[in-house]
Chemist: 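My questions will all concern the structure given below.
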Amino acid sequence: MSERGKVMSIKETRRGGAQQKLWAFASLIVLVAGFSLASPNFFQVSNIMAILQATSVNGVLAVGVTLIIITGGIDLSIGTLMTFCAVMTGVVLTWAGMPLLLGVLTSIATGALCGLISGTFVAKMKIPPFIATLGMMLMLKGLSLIVTGTKPIYFNDTPGFSEIAQGSLIGRIVPAFPVPNGVLILFIVSAAVAWILGRTVLGRYTFALGSNEEAVRLSGVNTDAWKMAIYALAGGICGIAGLLIASRLNSAQPALGLGYELEAIAAVVIGGTSLAGGRGTILGTLIGALIMSVLTNGLRVMSVAPEWQTVVTGAIIVAAVYADQLRRGRAG
Amino acid sequence: MSERGKVMSIKETRRGGAQQKLWAFASLIVLVAGFSLASPNFFQVSNIMAILQATSVNGVLAVGVTLIIITGGIDLSIGTLMTFCAVMTGVVLTWAGMPLLLGVLTSIATGALCGLISGTFVAKMKIPPFIATLGMMLMLKGLSLIVTGTKPIYFNDTPGFSEIAQGSLIGRIVPAFPVPNGVLILFIVSAAVAWILGRTVLGRYTFALGSNEEAVRLSGVNTDAWKMAIYALAGGICGIAGLLIASRLNSAQPALGLGYELEAIAAVVIGGTSLAGGRGTILGTLIGALIMSVLTNGLRVMSVAPEWQTVVTGAIIVAAVYADQLRRGRAG
Amino acid sequence: MSELVRMQSVDKRFPGVHALKAVDFDLRPGEVHALMGENGAGKSTLMKCLSGVYQPDGGRILIDGAEVALPTPKAAKDLGIGIIHQELALMRDLTVAQNIWIGREPRLSFGRIDEARQNADAAAIFQAMNVAMDPRAPVSGLTIARQQMVEIAKALSYRSRVLIMDEPTAALNDSEIAELFTIIRKLRAEGVGIIYISHKMDEIRQISDRVTVMRDGAYVGTVEAADTPISAIISMMVGRELSDEAVRIPDLSGAETALEVRALSRGRELKEISFSLKKGEILGFAGLMGAGRTELARAIFGAEPPERGEIRVHGKPVTIRTPSDAVRAGIGYLSEDRKHYGLALGMDVRANIALASLPRYADRLGRIDEPQLAGIARDYIARLSIRTPDDRQEVRLLSGGNQQKVVIAKWLLRDCDILIFDEPTRGIDVGAKAEIYRLLNDLAAAGKAIIVISSELPEVVRLSHRIAVMCEGRLTGILPGGASQEQIMALATAREGMTVE
Amino acid sequence: QDKMLVPLISKGFQHQFWQAVKAGADKAGAELGVTVTFEGPDNETQVDKQMDMLAAALANKPVAIGFAALDSQAAIPLLRQAQEAKIPVIAFDSGVDSDIPVALASTDNVAAAALAADKMAELIGDAGKVAVVAHDQTSRTGVDRRDGFVNRMKEAHSGIEVVAIEYGGGDHLKSTEITKALLAAHPDLKGIFGTNEGSAIGVVNGVRELGSKGITIVGYDSGKAQTDAIREGLMAGAITQNPVGIGYETVKAAVAAAKGEAVSANIDTGFYWYDKSNIDAPEIAAVLYE
Ligand SMILES: Nc1ncnc2c1ncn2[C@@H]1O[C@H](COP(=O)(O)OP(=O)(O)OP(=O)(O)O)[C@@H](O)[C@H]1O
Ligand SMILES: Nc1ncnc2c1ncn2[C@@H]1O[C@H](COP(=O)(O)OP(=O)(O)OP(=O)(O)O)[C@@H](O)[C@H]1O
Ligand SMILES: [Mg+2]
Ligand SMILES: [Mg+2]
């Protein structure tokens, strides 16, 4: 009987876990419902698509940085790295006139390489992640300006480039549901990273590093190498974000990117991932990113004055996380 | 003999600590020496004063946020809080025409109050500091614009207001050494906070919270109350920064402030304070802030192209912390 | 005799665990009341209820006959209840004295702390404990045993009427335990009621007046220590009799040498240490606290590489700069500090067991074979009787002893040829201890080379085929198995300048 | 049902300049009986943020839209969307590389900065070193004003050397520090041009803090601090655009276009040089804002 009691309550715990995500999701639903009631223009296919499209870049960045945050690190360079990847794509595609695929690979490779460098700073040179990636952020910001000569690079000569984010494969099949490719890519990246985190050795070490790096090292794991791999992977994902933003803007804007890191990290934390490392989910990050863009879009559609938008956004972010906290408190 | 051995090794540890600070200081010296060699215009009294003055606002912010970082938290709202404090000072002095002293008190009280609110979010509502202060940052940013109607408030009607940062008490006594009051205030604030950290119960709990909050709580300390006090103190210090910037600009600029948090936090981390909490020094923060402003000023005086300035700044920040790390590795 | 504490049918549930089932307990002034039970029996949980850390779900707590509420640790402290937690709860960045007086700092004007007095007061406590300790030393630099001393000093500083000690001696060696007992006796004479939790059965006899036994979260019974044989207490705990065997030393003359260490040195901690270890051998390491055994193990394992010296594995010299080098060479190391160096506390039991062996259970894509790991984890949970609702429970929610078993399982799964166990039975109950001894013997019989570092002399004697003794960073001698404790102590205190045969 | 909606997506909203544009837009909105909303990103690098704003504005089914493009091409797909939905677009402040906008209400920033260069040359006697404290390295206005000034110096004032160009993001304090560093690096500097309000005030501040004498400061835009500095003589003079006019004309053109009326494709709202001598002249006072 006592055994049965145990099994039952384990199931309950599991259910509790699922509920937790459901609850974060609930904040999102409440927001969507509220805005839909407040403005008839909010819950329209085209506006929902606009929200999803607005989530794509920040979402991909957030998914990438989730990996690093789970290791207990932080990456401030993601915004400018995204830009630098876009710039390098522009160099390859527009200036050198290479084929599209090569541009795509360049962006991802550039991201991975820069991520690897940050990872080396952190793992080998033992520079705190905050400083290592702050340095990286500044260097990449400057390099983007230097490479481009401070002028945007346009992708007018690469047919199909703007399709990467703006086309809609799904829309071609289901015309009523013209989900932009950017969003599709976000979901594919999320699914892939969620799979990596949940099922692979890399994912397991990501959590383990954040949980207790020294214990992992003393288990004979080459923690430095794994950490570098994780930073490189996150960098590669920033490369994908770089493609998305370049495709959306049909250009590589060299001055863009600063401030995007904060937004992405905010999405991650709203999604329940702890900055202390060791825990986090990609689903949470996605929900966090969606909460942010629903909020921004909804307040705009409601024509709230911009200064009040900022105030309300701040208040709702705090409230959403507090609601989550309350629920957790009740469960625990 | 073994006892003697032990005592000796304790002494060595102490010396190690002092050396550590000396080494961080060495990075600063190297920078100053380098720039002095590179440009005859760098090491001039007026330029040194300009560097010190440029350190004042960021330095005071950094000293404040050091407290919070030592507790293991973070405060993203310091930049916009500084602005909000300046705005409230403007409301009291220019709009309500109150005497100068009341304006000064308003600024500090506003800062302390907002810090207390952030502290409540963190301590009582268990909202992660990153989110709590991100929310605060957005709310304060919006509020500054709302209160002012997006227009700056000028302090032309308050004689002596610009003296707060720009005057020079020391210069009146030692004319060859016209240290601006802003710098004097920075040093006074630093000394006071260093004293609090090193000598008082509040300081002790600041370190203890960052070291092991649960253990502190189990020791019967009202951790929530102390944490709120620390956030309030840091907020009050932001109020001082608000006075300094308002005095320097002779106005409260409502749109300013975003981005200042990153710079201040960078100074703290360069100064050797760990974002994980539990350890940190005000002297280190001061040196960190000085490194940042020497770097910025020096590169400008050397007429390095602006985009290269960014790259070099990033690289030097990484290098400075790496040098520090190397030294630590050798010692430990 | 009046009662100091009475706990009546206290109940406590955690998600998935019914940790306390209507437990009764009482404490009189001036007695040492031992609380016994297997790992996960609920001892720490009961004490956390008494000290305001947990709120019981049911039952009453009476102090001096009056029912009390203990909503916070502070409320308990105010009622005179002090506790030494099983898991060290220290602020690592603070000094020893600062840790002891946290929350009660002697103050001067303006909220200033009287550091001098604080240090002097701390020094006085250590003096009374007969322990040499610098009150100004940062705690992060102390070994786990010395950290335990700080916890004890902190608890003593409260001058509580009720003092709970949750496995205070887990990390201590005999002489330190003796000092602690002197203190306990003094406190008992002053009328303090002491609740004493330990897995070291011999201590119960020495120090306690009454013994209460728990099993599976339930109260089993209370007996007088003086007229109950240990074996009876053990059978109350585990529900059966345990037989104690003496060490059987196998003939290893033909065995091949697995590990050879030559003139290993680092700074002041390790001085010219040489020894060798054969396949199938268990080499025990004895020594006083700070003798350098842990340092030696960490040096061999590459956690802090040595400055000089040579390590040979199976006759071939190997370079070990990092733990992953060591593991590749077939050396495993179970750390004495499970919390900081052994476990990813936020991860589940399964993941922790697999931590050192992951690549073996992954395909080329790096995909982990979870079903297989689940099977393995359940296997170890059963083999080591790890008390956990299932293999997905977070390790931090396990009782201390069960956490230790998880670390052991991790290294057993890694299957290294040479295994270094640093205090492997710390916090482990008698039943499980016997199980681990059997396991170590089986491993040795299967050809593994094993080093066991232990501060419990009987354990070293009971397990080791040979006994190495260290003092102040030097290997002062290697004794044959079955050597007497006196012989070991002689070597353990053989300080430099003295020559030892 | 409600009044007609005309959203303006600008390049910013926190700065004085944009607030003046908004004031003009609101004035036209009130006169013409339409609802005007006004929004812009935090800084002029956030091209994609501006597009999200544009998308949200389109969701509200406005009758016409005013748009100040941060990038001349990036928004074209969205503008096409507007075109398909028959929402006329009025460009203001900066145009786009497309014929979708039916009108452009703007200031010729290049010409305005060139005028600033001429005035600077005149004030320092057509010889010596000058520097530029610009607000942005990549945005249209930042680039136009910088290049307008620098190129004019090269073409028409060979005696003058532009020795440094630094970027302060329009942040008053950063611009202050930059100015002080510039003066340290070039002790013989004769003049500094600040390319927007924050930059210009920063320059004034830096010079004031250093106590340097004989530096000719030329600014851009207005605002109380700038007009005060001009009255005090700290600043020699400044270029002002007609932001109120830009906002007003944009909304007026938008409403006309929505009603199907013809609008002129180019609405030049003009710019002016003002200094101590003409600051109180009615035609100048009308375009200054505080
Ligand atoms: N916070 C918690 N959440 C869930 N389960 C818990 C929690 N704390 C303890 N438990 C469980 O309650 C049971 C009793 O644990 P407790 O720590 O009291 O054991 P113990 O008798 O002190 O064991 P040990 O001798 O190993 O220290 C264990 O099964 C443990 O896993
Ligand atoms: N009394 C002490 N004072 C200062 N440092 C000490 C003291 N005791 C131990 N240490 C530190 O610990 C080192 C050796 O401790 P180590 O942990 O290796 O010993 P051990 O034999 O494993 O003992 P135990 O683990 O039981 O404490 C010393 O070299 C020293 O750095
Ligand atoms: Mg226990
Ligand atoms: Mg040890």
Chemist: For B:Tyr322, is it the side chain, the backbone, both or neither that has a heavy atom under 4.5 Å from a heavy atom of chain A?
Modeler: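 Both parts, heavy atoms under 4.5 Å.
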Chemist: Give the minimum heavy-atom separation between B:Gly142 and A:Val311, together with the two atoms involved.
Modeler: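 Heavy atoms of B:Gly142 and A:Val311 come nearest at CA-CG2, 3.5 Å.
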Chemist: Among A:Leu262, A:Ile270, A:Val268, exactly one meets side chain to side chain contact (heavy atoms under 4.5 Å, CB included) together with B:Phe130. Which residue is that?
Modeler: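 Passing option: A:Leu262.
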Chemist: For B:Ile316, which atoms come within 4.5 Å of any heavy atom of chain A: side chain, backbone, both, or neither?
Modeler: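 Answer is neither: B:Ile316 stays 4.5 Å or more from chain A.
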Chemist: Select one option (side chain, backbone, both, neither) describing which atoms of B:Ala132 are under 4.5 Å from chain A's heavy atoms.
Modeler: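 Looking at B:Ala132, just its backbone touches chain A.
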Chemist: Kindly give the heavy-atom pair with the smallest separation between A:Leu138 and B:Gly314, and that separation in Å.
Modeler: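 The pair with the smallest heavy-atom distance is CB-CA, 3.7 Å.
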Chemist: I'd like to know which of B:Leu143, B:Ile265, B:Leu76, B:Leu140 tops the heavy-atom pair count under 4.5 Å against chain A.
Modeler: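 Top option by heavy-atom pairs under 4.5 Å: B:Ile265.
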Chemist: Of the listed residues (A:Val312, A:Ile74, A:Ile317, A:Val269), which shares the most heavy-atom pairs with chain B below a 4.5 Å separation?
Modeler: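 Option with the greatest count: A:Val269.
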Chemist: Is it the case that atom CH2 in A:Trp95 sees more than 12 heavy atoms from other parts of the structure closer than 6.0 Å?
Modeler: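 Counting other residues, nucleotides and ligands, CH2 of A:Trp95 exceeds 12 neighbours.
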Chemist: Output the distance between atom OG1 (B:Thr310) and atom CE (A:Met137), rounded to the nearest 0.5 Å.
Modeler: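 The CE atom of A:Met137 is 10.0 Å from OG1 of B:Thr310, to the nearest 0.5 Å.
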Chemist: Please flag which part of B:Leu275 lies under 4.5 Å from any non-hydrogen atom of chain A: side chain, backbone, both or neither.
Modeler: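 Contact with chain A is through the side chain of B:Leu275 alone.
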Chemist: Please give me the minimum heavy-atom distance between A:Pro128 and B:Gln325, naming the atom from each residue.
Modeler: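 Smallest heavy-atom distance, with atoms named: CD-OE1, 4.4 Å.
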Chemist: How long is the span from the NZ atom in A:Lys141 to the CD atom in B:Gln309, to the nearest 0.5 Å?
Modeler: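 Between A:Lys141 NZ and B:Gln309 CD, I get 10.0 Å after rounding to 0.5 Å.
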Chemist: Looking at side-chain heavy atoms only, is the closest gap between B:Val321 and A:Met125 below 4.5 Å?
Modeler: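 Contact flag for B:Val321/A:Met125 side chains = no.
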Chemist: Can you find a heavy atom in the side chain of B:Thr150 that is under 4.5 Å from one in the side chain of A:Glu307?
Modeler: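 In contact.
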Chemist: Which bit of B:Ile131 is near chain A, if near means a heavy-atom gap under 4.5 Å: side chain, backbone, both or neither?
Modeler: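 Contact with chain A: backbone and side chain both.
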Chemist: Looking at A:Thr313, A:Leu145, A:Val318, which one has more heavy-atom pairs under 4.5 Å with chain B than the rest?
Modeler: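 Of A:Thr313, A:Leu145, A:Val318, A:Val318 has the most heavy-atom pairs under 4.5 Å with chain B.
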Chemist: With a sphere of 6.0 Å drawn around CZ of A:Arg217, does it hold more than 12 non-hydrogen atoms of other residues, nucleotides or ligands?
Modeler: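 Yes - once you tally the heavy atoms of other residues, nucleotides and ligands closer than 6.0 Å, there are more than 12.
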